[in-house]
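See below for the structure under consideration.
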Amino acid sequence: MTLTTNSVPPHRAGETLAELRAEAARTHELDRKHVFHSWAAQARINPMTIVAADGCYVWDGEGNRLLDFSSQLVNTNIGHQHPRVVAAVQQQAAKLCTIAPQHANAARSEAARLIAERTPGELNKVFFTNGGADANEHAVRMARLHTGRHKVLSRYRSYHGGTDTAINLTGDPRRWPNDTGTSGVVHFFGPFLYRSHFHASTEAEEADRALAHLDEVIRLEGPSTIAAIVLESIPGTAGIMVPPPGYLTGVRELCDRYGIVLIADEVMAGFGRTGRWFAVEHFGVVPDLLTFAKGVNSGYVPLGGVAIGPEIAATFDDRAYPGGLTYSGHPLATAAAVATIAAMTEEGVVENAAAIGAEVIGPRLRALAERHASIGEVRGTGVFWAIELVRDRTTREPLAPYGGSSPVMDAVLAACKSQGLLPFANFNRIHVVPPCTITAEEAAAGLAILDSALDLADQSLT
Ligand code: PLP
């Protein structure tokens with residue numbers, strides 16, 4: 001089974017394969033000489049060169065086409081090079097490339113309106129940032145100023161970004177070397193039935209016990225000291241753990257009881273990824289602040305932001321908000337958001353994500369779990385799925401340690417790539433997170449490659 005074709009990609013017609021390869025070789029050489037990469041030991045990495053992308057596909061430096069089951073960093077919800085978004089950026093560039101944040105601008109105003117229209121409840125004001133981490137930084141700052149309190153609670157097994165407060169909020173190993181311990185962040189355990197911290201055996205037990213635990217953490221930390229609880233509505237990189245029914249409504253109730261601001265981090269889960277515009281919609285919960293980035297314009301131009309509810313917005317009606325950035329609501333980024341949201345709406349992209357999850361990815365991953373002894377659990381919704389690979393289904397020992405990789409995980413990923421599939425992996429998990437625009441045929445073809453690559457994982461068990 002292979003999807004690989006060796007050809008000149010559509011957006012580079014007119015160039016020869018030899019020219020593409022020569023350019024890619026030069027790109028790679030300069031990258032290794034001069035580019036400093038995120039989260040990496042610089043001498044130990046060998047970045048894949050991408051020369052082109054289109055829809056759900058990317059082309060590597062050899063001209064190999066790969067089906068993108070990663071959406072890059074789970075951000076190209078609308079797929080690569082969507083013509084309406086590309087045209088909107090081009091038109092905005094011709095009209096007005098940049099403008100300072102203190103001025104009103106058509107692209108920014110319209111993007112804010114479209115976002116406010118789609119967020120739940122009355123999250124009607126939008127503060128724009130450059131990405132997800134700074135959105136969370138500002139949400140926390142707003143919550144602290146609004147409440148006059150300092151502490152912030154977030155869960156283990158989460159990711160909230162790479163900047164100072166955001167990395168302290170993060171509950172994965174990327175926090176460890178960055179943890180200054182000074183930001184007033186306290187971590188708690190969220191629900192995760194497959195690896196329950198609460199010895200629960202049903203979703204209802206897990207929800208009840210996780211809520212009782214959070215209530216206890218709040219009381220022991222002192223409710224009057226806690227400004228906010230920050231939660232990914234469905235934790236993403238940490239494992240796509242869809243919370244059990246009742247959990248998020250329970251967190252909302254705790255926040256209301258103790259006067260704590262609820263911040264929903266929808267940077268990864270938002271804008272269609274879960275089959276709804278926002279993941280909180282699955283649970284009927286309205287947060288006080290909602291942070292977003294990635295899918296808002298599929299990352300065509302960097303953009304993030306905070307959608308703000310009426311109480312917190314009112315705090316800053318007559319009191320200056322002490323925060324800002326030069327590129328807040330940048331015209332190119334917000335024009336890309338306007339076009340992305342319009343295209344997603346008119347083309348039924350969110351509905352497509354829901355249908356592909358329910359009809360193709362979910363059922364097929366569950367079928368894979370019956371065939372492959374290495375699959376411990378399948379979970380997800382929309383185009384937001386994870387399979388948990390284990391050495392032993394009874395002990396649930398992961399196929400790679402928490403925070404690390406393993407030769408067998410590396411082999412499975414390499415097998416996917418050699419057959420034309422670009423996967424997303426984290427520790428012992430493979431995430432199936434293609435663009436929300438993926439067709440049933442494309443999804444099925446990618447899952448067939450995953451199926452064959454997983455034979456390597458099964459063989460390692462014997
Ligand atoms: N929050 C979540 C849930 C994320 O997944 C990410 C990035 O992956 C971030 C925040 C940080 O976003 P950015 O990388 O745009 O700063």
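Order of appearance sets the numbers: ligands from 1, and atoms from 1 within every ligand. Computation of the quantities below employed the complete heavy-atom set of this structure, encompassing side-chain atoms and omitting hydrogens, waters and symmetry-equivalent molecules.
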Just go through G236, G132, A293 and tell me whose heavy atom is the nearest to atom 13 (P) of ligand 1.
G132
If you measure from each non-hydrogen atom of E232 to ligand 1, which part falls under 4.0 Å: side chain, backbone, both or neither?
side chain
In terms of side-chain geometry, is the basic nitrogen of R155 or E232 positioned less than 4.0 Å from the acidic oxygen of its partner?
no
I need the nearest protein heavy-atom contact for atom 1 (N) of ligand 1: residue, atom name and distance, please.
D265 OD2, 2.8 Å
Lys/Arg-Asp/Glu bridge criterion (N-O < 4.0 Å) met for R257, D215
yes
K294: numbered ligand 1 atoms lying under 4.0 Å from its heavy atoms:
5 (O), 6 (C), 7 (C), 8 (O)
Would you mind running through ligand 1 and noting each atom that sits below 4.0 Å from a heavy atom of A133?
11 (C), 12 (O), 13 (P), 16 (O)
Note: R141-D134 ion pair, threshold 4.0 Å (strictly below):
no
T237, any N or O under 3.5 Å of ligand 1 N or O:
no
Please tell me whether E266 and S233 have a donor and an acceptor in their side chains that are separated by less than 3.5 angstrom.
yes
Mark up the atoms of ligand 1 that fall under 4.0 Å of a heavy atom belonging to G131, in ascending order.
15 (O)
In terms of side-chain geometry, is the basic nitrogen of E388 or R195 positioned less than 4.0 Å from the acidic oxygen of its partner?
yes
Which residue, F188, Y402, F189, forms the ring pair (Phe, Tyr, Trp, His ring centres under 6.0 Å) with Y156?
F189
Which residue and heavy atom of the protein sit nearest atom 2 (C) of ligand 1, plus the separation:
Y159 O, 3.3 Å
Applying a heavy-atom cut-off of 4.0 Å, say which part of N136 lies close to ligand 1: side chain, backbone, both or neither.
side chain
E266 near ligand 1, heavy-atom distance under 4.0 Å?
no
Is_contact(atom 16 (O) of ligand 1), protein non-hydrogen, under 4.0 Å
yes
Which of the atoms of ligand 1 are close to V267, meaning less than 4.0 Å from one of its heavy atoms?
1 (N), 2 (C), 4 (C), 6 (C), 9 (C), 10 (C), 12 (O)
Parallel, tilted or perpendicular, judged at 30° and 60°: which one describes the rings of Y327 and H330?
perpendicular
Side chains of H28 and N46, donor plus acceptor under 3.5 Å:
yes
